[in-house]
Peer 1: 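Structure incoming, see below.
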Amino acid sequence: MKVIYKKYDLNDRQYKLLEILSQNNENIINKEYRELFGVSRSTAARDLRRLVELNLIQKYEISGKEVIYSIK
């Protein structure tokens with residue numbers, strides 16, 4: 001998996017998330033990302049925002065502040 005995304009200069013958490021989402025065809029929210037990787041809200045937001053900017057994952061706003069991320 002890392003070879004496919006090597007040109008994007010991602011961190012290990014981002015690589016792992018892409019692997020999880022692509023293998024399981026699942027979605028994730030910021031809170032789950034924080035719990036999975038033990039990071040702060042701002043770190044999770046930064047990691048997820050970078051993946052969205054690179055067009056590797058999609059962001060769906062469900063209601064109000066709730067956002068779901070899924071693999072493209």
Side-chain angles (χ1 to χ4, degrees):
M1 177 64 77
K2 282 189 178 184
V3 174
I4 296 169
Y5 298 111
K6 189 164 180 84
K7 67 181 178 179
Y8 296 111
D9 191 33
L10 304 175
N11 63 45
D12 288 338
R13 293 182 304 273
Q14 291 167 318
Y15 284 123
K16 184 66 177 167
L17 177 64
L18 291 171
E19 184 178 315
I20 291 168
L21 293 179
S22 63
Q23 286 180 355
N24 302 323
N25 198 25
E26 291 185 14
N27 300 319
I28 195 164
I29 61 174
N30 184 295
K31 181 180 179 184
E32 293 169 331
Y33 187 88
R34 293 191 320 260
E35 292 171 354
L36 183 64
F37 296 108
V39 296
S40 68
R41 182 182 301 266
S42 61
T43 297
R46 184 176 51 249
D47 285 357
L48 293 166
R49 184 174 46 253
R50 174 89 170 121
L51 292 172
V52 170
E53 289 169 353
L54 291 170
N55 210 29
L56 298 173
I57 63 173
Q58 295 180 43
K59 175 182 174 179
Y60 299 97
E61 292 190 29
I62 302 302
S63 63
K65 292 191 217 177
E66 184 141 23
V67 176
I68 293 177
Y69 299 90
S70 66
I71 196 84
K72 276 221 149 189

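Throughout, residue positions are numbered sequentially from 1 according to the sequence presented.
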Peer 1: Could you give the side-chain donor-acceptor pairs of residues 48-57 under 3.5 Å, partners two or more places apart or in another chain?
Peer 2:
unit_1 : atom_1 : unit_2 : atom_2 : d
Arg50  : NH2    : Tyr8   : O      : 3.2
Asn55  : OD1    : Lys72  : NZ     : 2.7

Peer 1: Can you tell me how far the CD1 atom of Ile71 sits from the CD atom of Gln23, to the nearest 0.5 Å?
Peer 2: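 Ile71 CD1 to Gln23 CD: 10.5 Å, rounded to 0.5 Å.
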
Peer 1: Measure the spacing between CG of Leu10 and OH of Tyr15 and express it to the nearest 0.5 Å.
Peer 2: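 These two atoms lie 5.0 Å from each other.
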
Peer 1: Nearest 0.5 angstrom please: Arg13 CZ to Thr43 OG1, how far?
Peer 2: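 OG1 of Thr43 is found 6.0 Å from CZ of Arg13.
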
Peer 1: Rounded to the nearest 0.5 Å, what separates atom CD1 in Ile68 from atom CD in Glu32?
Peer 2: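 So the CD1 of Ile68 and the CD of Glu32 are separated by 8.5 Å.
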
Peer 1: Are Ile62 and Ile29 close enough that some pair of their side-chain heavy atoms sits under 4.5 Å apart?
Peer 2: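 They are not in side-chain contact.
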
Peer 1: Hey, could you give me each pair passing ring-ring contact (aromatic ring centres under 6.0 Å, His included) that has a residue in residues 40-61? Not counting sequence neighbours.
Peer 2: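 Listed by first then second residue: nothing to list.
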
Peer 1: Could you tell me the separation between the CG atom of Asn25 and the CG atom of Asn27, rounded to the nearest 0.5 Å?
Peer 2: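 The distance works out to 8.0 Å.
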
Peer 1: Atom CD of Glu66 and atom NZ of Lys31: how far apart are they, to the nearest 0.5 Å?
Peer 2: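 Reported to 0.5 Å precision, the distance equals 10.0 Å.
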
Peer 1: Can a donor-acceptor pair be found, under 3.5 Å and without considering hydrogens, that links the side chain of Gln14 to the backbone of Asp47?
Peer 2: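 Here the side-chain-to-backbone pair exists.
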
Peer 1: Identify, with sequence neighbours excluded, every residue that meets ring-ring contact (aromatic ring centres under 6.0 Å, His included) alongside Tyr33.
Peer 2: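 Testing Tyr33 for ring-ring contact (aromatic ring centres under 6.0 Å, His included), a comparison that skips the adjacent residues, returns Phe37.
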
